[in-house]
Enquirer: 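Sharing a structure with you now.
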Amino acid sequence: MAFGLSMYPIVYLARFNPDTKKWNEQWIEKDTVPYNKLMEMNEQDRSKILENRNDLGLPGVSYTSQYGYGCFEGMKAFPTKDGGIGIFRPDRNAARFANSMKGLKTEPFPEDMFVKASVEFIKRNNELGYLPEYNPEWEKDNYASAAAIYIRPFMNTEGAIGVGCSQTPYVIICATTVSAYFKGGNTKAVTTKRIRATPNGTGYIKCASNYVISALAKKEAEDQGFMECVYLDSEDHKYLQEGSSCNIFFVMKDGTVCTPELGDTILPGITRMSTLTLAKQAGYKTEERKISIDEVMTDAVECFVTGTAAGITPIESITHNGKEAVFNNRKPGKIATSLQATLKGTQYGKVADKNNWVYRAL
Ligand SMILES: *Cc1c(COP(=O)(O)O)cnc(C)c1O
């Protein structure tokens, strides 16, 4: 079945009150039919419930709906081998979310409230049987087919029609169940002429308006038979930036694990940060620096993209100006594979969490 936006029945909502300077919290429990009951229903009744859950009662005409003025987070919770549920680094998502709201010149949502509400969200939805359970079968393909909970906190604004900044933002936390992000098939990437982010723009925050370009560039890449598109910088159109909505890494001939350095055009991915840490801990040399497309075409031996939804996904080739650079004979590289095994193993509780990244919710 297709999962709707608020597949999970209980949704968190907070709203800022500028008079009291407080966030008023509430839990929306519109349709709390337990998971097994939902699955027993016929398709029509089930769709009605899922559609109804998607209606959160937010203003239809707002800075968000009219101008893409809003921001969001993508965070995952994982069923763990010991039977619990762990959220991966919610403190980092909380910090980035607050930074996105600051970047939008609105009241930042407190980081401690973000983490607390995320944990409570898991507990409440668990009571209705919505969380996936750990399955040892997942270990066989190294969690490629494993289920997780995709948590989507986001900010929307009050009703408004003129261009402006939000005074009384809403913060919502909803979630869906997810499995693999990229459909099977090729893992070819192509450079795009489109510009995702410009200096002094909003590329460094997870701001809603940034993703129109991503949707267009990704569709153009897919229409040409590629899985993914890759952005170059706006000024020289020479240096690697990101994938369509994930960060990008290369392993160079000398074994160095490289990723473009952060700046105001690159989204500071939590998977990016975690991958750098795991690579260092595994003894690889890492670099955050400018990486030109020319260097990639001649010197890269592995390429992979990283993100909460994508995890660590190997890329078989990049095509630039009609020339294709193939990495590792189109097979997942050794370093990407080993980093992915450590990351997923940590998230699903099979590998010791030596950095204390997993936050127990259950
Ligand atoms: C969310 C996102 C990423 C990945 O960030 P994670 O925290 O690893 O999920 C990378 N690039 C863009 C543009 C993004 O929106």
Side-chain angles (χ1 to χ4, degrees), residues 68 70-78 87-101 103-104 111 114-115 118 148-155 175-176 178 180-182 189 192 194-199 201-218 221 227-234 239-250 257 259-279 288 291 303-313 315 336 339-340 342-344 346-347 355 357-359:
C71 61
F72 65 95
E73 273 304 318
M75 182 165 80
K76 270 186 181 174
F78 299 86
I87 311 178
F88 188 69
R89 308 192 78 177
D91 54 317
R92 296 291 85 216
N93 292 90
R96 189 171 64 190
F97 192 56
N99 199 46
S100 292
M101 291 180 80
L104 290 173
E111 295 173 37
F114 181 106
V115 175
S118 302
I149 304 146
Y150 184 78
I151 305 175
R152 169 53 66 90
F154 66 97
M155 182 273 263
T176 63
V178 285
Y181 174 67
F182 288 113
T192 173
R194 291 195 185 265
I195 302 299
R196 190 191 83 87
T198 54
T202 54
Y204 69 102
I205 58 176
K206 250 177 137 67
C207 155
S209 59
N210 291 349
Y211 296 85
V212 177
I213 298 288
S214 286
L216 301 177
K218 178 127 184 173
M227 177 190 75
E228 179 64 317
C229 69
V230 168
Y231 296 100
L232 301 176
D233 73 289
S234 66
Y239 297 102
L240 270 293
Q241 298 269 291
E242 298 198 41
S244 64
S245 47
C246 24
N247 296 111
I248 194 159
F249 280 77
F250 299 93
V257 178
T259 189
E261 64 197 347
L262 294 179
D264 59 1
T265 62
I266 294 194
L267 199 282
I270 293 156
T271 321
R272 174 190 180 279
M273 180 198 297
S274 307
T275 301
L276 282 169
T277 302
L278 293 178
E288 297 174 72
I291 302 166
C303 173
F304 53 94
V305 290
T306 67
T308 295
I312 294 178
T313 301
I315 297 293
L339 291 173
Q340 188 185 41
T342 313
L343 180 65
K344 290 225 171 163
T346 307
Q347 291 169 329
N355 298 296
W357 284 342
V358 177
Y359 203 100

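Note that ligands are numbered from 1 as they come in the structure, with each ligand's atoms numbered from 1 the same way.
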Enquirer: Please check: side-chain N/O of Asn99 versus main-chain N/O of Ile205, any donor-acceptor pairing under 3.5 Å?
Expert: no

Enquirer: Anything with a heavy atom under 4.0 Å from ligand 1 counts, so go ahead and list those protein residues by chain and number.
Expert: Arg96, Arg196, Lys206, Tyr211, Glu242, Ser245, Cys246, Asn247, Leu267, Gly269, Ile270, Thr271, Gly307, Thr308

Enquirer: Donor-acceptor pair, Arg92 side chain versus Thr271 backbone, under 3.5 Å?
Expert: no

Enquirer: Can you tell if the side chain of Ile213 reaches within under 4.5 Å of the side chain of Ile195, non-hydrogen atoms only?
Expert: no

Enquirer: Does Asn210 reach the main-chain N or O of Ala197 with its side chain, forming a donor-acceptor pair under 3.5 Å?
Expert: no

Enquirer: What is the ring orientation for Phe114 with Phe97, classed by angle as parallel under 30°, tilted 30 to 60°, or perpendicular over 60°?
Expert: tilted

Enquirer: Assess whether salt bridge (charged side-chain N to carboxylate O under 4.0 Å, His left out) is satisfied between Glu73 and Arg152, documenting all intermediate values.
Expert: CA-CA 6 Å; Glu73 273 304 318; Arg152 169 53 66 90; over 6 Å; no

